[in-house]
Amino acid sequence: MSGTARPTPPATDSPGLVRLALTLRELRGRTGLSLAALAARTTYSKSSWERYLNARALPPRSAVRALCRLAGEPEGRCLTLREIAESEWAGHASGTPAGAGTRVPAPRAGPGPAGPAAPAQPESPTSPTGRSPAAPPIRPSPAPPLSPGSPLSPPVADRPAGHRGVAVLAVLASLCAVVSCAVVIALLLLPRAGKGASAPSSQAATGPLCRGEGCEGKSPMRQHCASSPDTLASRHLSTGAWMELRHSTVCGTSWARMWGTDVGDRLEMTAGAEGRPAREARVRDRADADTYVYTLMTVSGRGTVVRACYRPVGGGPRECVEGRVR
């Protein structure tokens with residue numbers, strides 16, 4: 001048995017984040033770099049890389065690009081996997097007070113790798129309805145045959161057909177089982193009383209939960225507006241952090257995000273000159289600093305100028321970027 005330790009299995013219930021983590025592990029194995037060496041070759045710490053490679057946090061786009069560059073891998077596929085993982089986590093973002101920013105949280109730890117499946121139990125002779133079938137009818141022992149000339153011998157046409165009766169009972173039992181199964185399936189498929197809201201929730205998994213004015217001041221992640229947005233502008237800041245302006249044509253809204261930040265950094269976003277309130281986000285802890293932090297959304301139509309300004313925690317100069325909705 002080899003002495004090499006097996007990699008820690010990803011601890012998340014997001015398939016997209018698991019696929020991304022496994023792909024990044026493969027790239028890291030191709031480079032031959034340890035976590036410490038990988039941290040030395042990039043701007044991300046050893047603990048951050050450990051979270052990214054074990055699917056405990058969504059890696060920033062720049063981290064994915066850095067690992068692709070070290071492994072000599074074109075970054076297109078990995079960035080696509082990252083966008084899918086980000087979209088899947090839209091519905092799991094943590095609650096955010098009004099006016100505060102939104103972040104994609106590190107996935108909660110899940111159970112370890114599943115053990116071997118339990119051996120299949122022998123099937124019990126039950127009907128599709130879950131009830132044990134009734135025992136076959138006990139046929140009475142036939143009376144001794146009578147001679148044809150006996151006065152007690154019934155006419156041939158009046159004699160009961162034993163085999164035909166058993167066949168009829170078998171057919172009736174099969175029909176009852178089929179009808180019972182159909183009733184159970186119909187009851188399971190019909191919407192239950194008091195759960196009329198389940199239809200919109202299933203529909204929401206495939207599209208945004210709001211549009212236009214209904215999205216004002218809401219999270220782009222929780223409202224599913226961040227699935228495939230446009231990037232209006234981006235800027236690499238003097239502190240090493242990044243910020244971007246994003247716009248969703250489907251939702252008709254814009255927002256800003258930042259990553260590679262320090263605890264206490266702030267981001268403020270405004271859109272147009274319509275007197276809409278500014279949307280602000282702040283890096284609250286190390287978990288925020290290890291991933292994206294988003295402002296809430298504001299409504300913006302074609303031609304609207306969107307502006308975001310970054311304020312570092314150390315009190316350095318404010319840096320801004322602008323973009324126009326196309």
Side-chain angles (χ1 to χ4, degrees), residues 16-17 20 43-44 52 57-69 74-90 93 101-104 207-208 210-212 215-261 265-272 276 278-281 283 288-311 318-326:
L17 197 59
L20 176 62
T43 59
Y44 299 93
Y52 302 155
L58 181 67
R61 183 188 296 264
S62 55
V64 175
R65 284 175 169 169
L67 185 53
C68 288
R69 184 176 63 254
E75 62 187 33
R77 185 174 75 93
C78 292
L79 291 179
T80 299
L81 290 176
R82 200 214 141 275
E83 291 295 332
I84 293 174
E86 180 183 8
S87 176
E88 285 186 359
W89 273 97
T102 303
R103 65 183 172 98
V104 179
C210 66
R211 296 177 189 273
C215 297
E216 183 69 36
K218 295 181 180 180
S219 164
M221 302 302 294
R222 291 200 298 272
Q223 298 301 315
H224 296 192
C225 292
S227 298
S228 54
D230 298 322
T231 299
L232 302 182
S234 62
R235 179 169 178 173
H236 192 194
L237 305 166
S238 59
T239 61
W242 285 82
M243 67 175 173
E244 276 185 344
L245 290 172
R246 309 278 270 177
H247 176 77
S248 170
T249 303
V250 177
C251 294
T253 57
S254 296
W255 63 92
R257 68 177 182 176
M258 57 181 171
W259 68 95
T261 53
D265 289 353
R266 291 186 298 134
L267 184 64
E268 185 179 90
M269 186 267 302
T270 56
R276 295 187 182 275
R279 300 301 176 186
E280 182 177 297
V283 181
D288 276 353
D290 283 340
T291 185
Y292 292 100
V293 176
Y294 297 78
T295 68
L296 300 180
M297 295 185 288
T298 191
V299 176
S300 56
R302 184 185 298 273
T304 302
V305 175
V306 184
R307 176 183 176 88
C309 292
Y310 168 81
R311 298 176 182 271
R318 184 178 70 165
E319 300 181 60
C320 300
V321 65
E322 285 187 356
R324 184 180 295 272
V325 178
R326 299 181 290 274

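Computed from a predicted structure; not experimentally measured.
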**Report entry** Side chain proximity check, Arg246 to Asp230, heavy atoms < 4.5 angstrom
**Finding:** no
Requested in this report: First locate atom CZ of Arg279, then atom OG1 of Thr270, and finally report the distance between them rounded to the nearest 0.5 Å.
Outcome: 11.5 Å
Query raised in the report: Is there a side-chain contact between Arg61 and Tyr292 (heavy atoms, below 4.5 Å)?
Result: yes
**Report entry** Residues forming a disulfide (SG to SG under 2.5 Å) with Cys210, sequence neighbours excluded
**Finding:** Cys215
Query - Residue pair Pro74 / Arg77, side-chain heavy-atom distance below 4.5 Å - result: no
Requested in this report: Side-chain contact test, heavy atoms from C-beta onward, threshold under 4.5 Å: evaluate it for Arg324 versus Val306 and give yes or no.
Outcome: no
Requested in this report: Pick out which of Leu58, Thr80, Ile84, Leu79 makes a side chain to side chain contact (heavy atoms under 4.5 Å, CB included) with Leu20.
Outcome: Leu58
**Report entry** Any donor-acceptor pair under 3.5 Å from His247 side chain to Thr253 backbone
**Finding:** yes
Query raised in the report: Taking all atoms of both residues into account, what is the closest heavy-atom pair of Val321 and Ala233, and its distance?
Result: CG2-CB, 3.6 Å
Query raised in the report: Is there a donor-acceptor contact under 3.5 Å from the side chain of Ser219 to the main chain of Met221?
Result: yes
Query raised in the report: Do Tyr310 and Met258 touch side chain to side chain, with heavy atoms closer than 4.5 Å?
Result: yes
Report task. Before giving the answer on side chain to side chain donor-acceptor pair (under 3.5 Å), spell out for Ser62 and Trp259 the whole-Å C-alpha distance, their side-chain angles and the decisive distance to 0.1 Å. Result -> CA-CA 9 Å; Ser62 55; Trp259 68 95; 3.3 Å; yes
Query raised in the report: Counting N and O atoms only, with roles assigned by atom type, does the side chain of Glu319 sit under 3.5 Å from a partner on the main chain of Ser238, one being a donor and the other an acceptor?
Result: yes
Query raised in the report: Which class fits the ring pair Trp242 and His236: parallel under 30°, tilted 30 to 60°, perpendicular over 60°?
Result: parallel
Report task. Kindly indicate, with the supporting measurements, whether the criterion disulfide (SG to SG under 2.5 Å) is fulfilled by Cys320 and Cys309. Result -> CA-CA 4 Å; Cys320 300; Cys309 292; 2.0 Å; yes
Report summary line: dist Trp255:CH2 -> Lys218:NZ (nearest 0.5 Å) comes out at 14.5 Å
Query - Where Pro220 and Leu296 come nearest, the two heavy atoms and their spacing - result: CD-CA, 4.5 Å
Query - Passing option when Ser248 is tested against Ser228, Ser300, Cys225 for side chain to side chain contact (heavy atoms under 4.5 Å, CB included) - result: Cys225
Report task. Taking the side chain as every heavy atom from C-beta outward, state whether Ser254 and Val325 have any pair of such atoms under 4.5 Å apart. Result -> yes
Query raised in the report: What do the steps show when you test Met269 against Leu245 for side chain to side chain contact (heavy atoms under 4.5 Å, CB included), and what is the final call?
Result: CA-CA 9 Å; Met269 186 267 302; Leu245 290 172; 4.1 Å; yes
Query - Side-chain heavy-atom pair Arg257, Met243 within 4.5 angstrom cut-off - result: no
Query raised in the report: Are the side chain of Arg82 and the backbone N or O of Pro59 linked by a donor-acceptor pair below 3.5 Å?
Result: yes
Report task. State whether the side chain of Arg266 and the backbone N or O of Val283 hold a donor-acceptor pair below 3.5 Å, judged by distance alone. Result -> no
Query raised in the report: Considering only heavy atoms from C-beta outward, does the side chain of Met297 approach that of Glu216 to under 4.5 Å?
Result: no
Query - Between CG on residue Leu237 and CZ on residue Arg235, distance to nearest 0.5 Å - result: 6.5 Å
**Report entry** Residue pair Glu280 / Thr295, side-chain donor-acceptor N/O under 3.5 Å
**Finding:** no
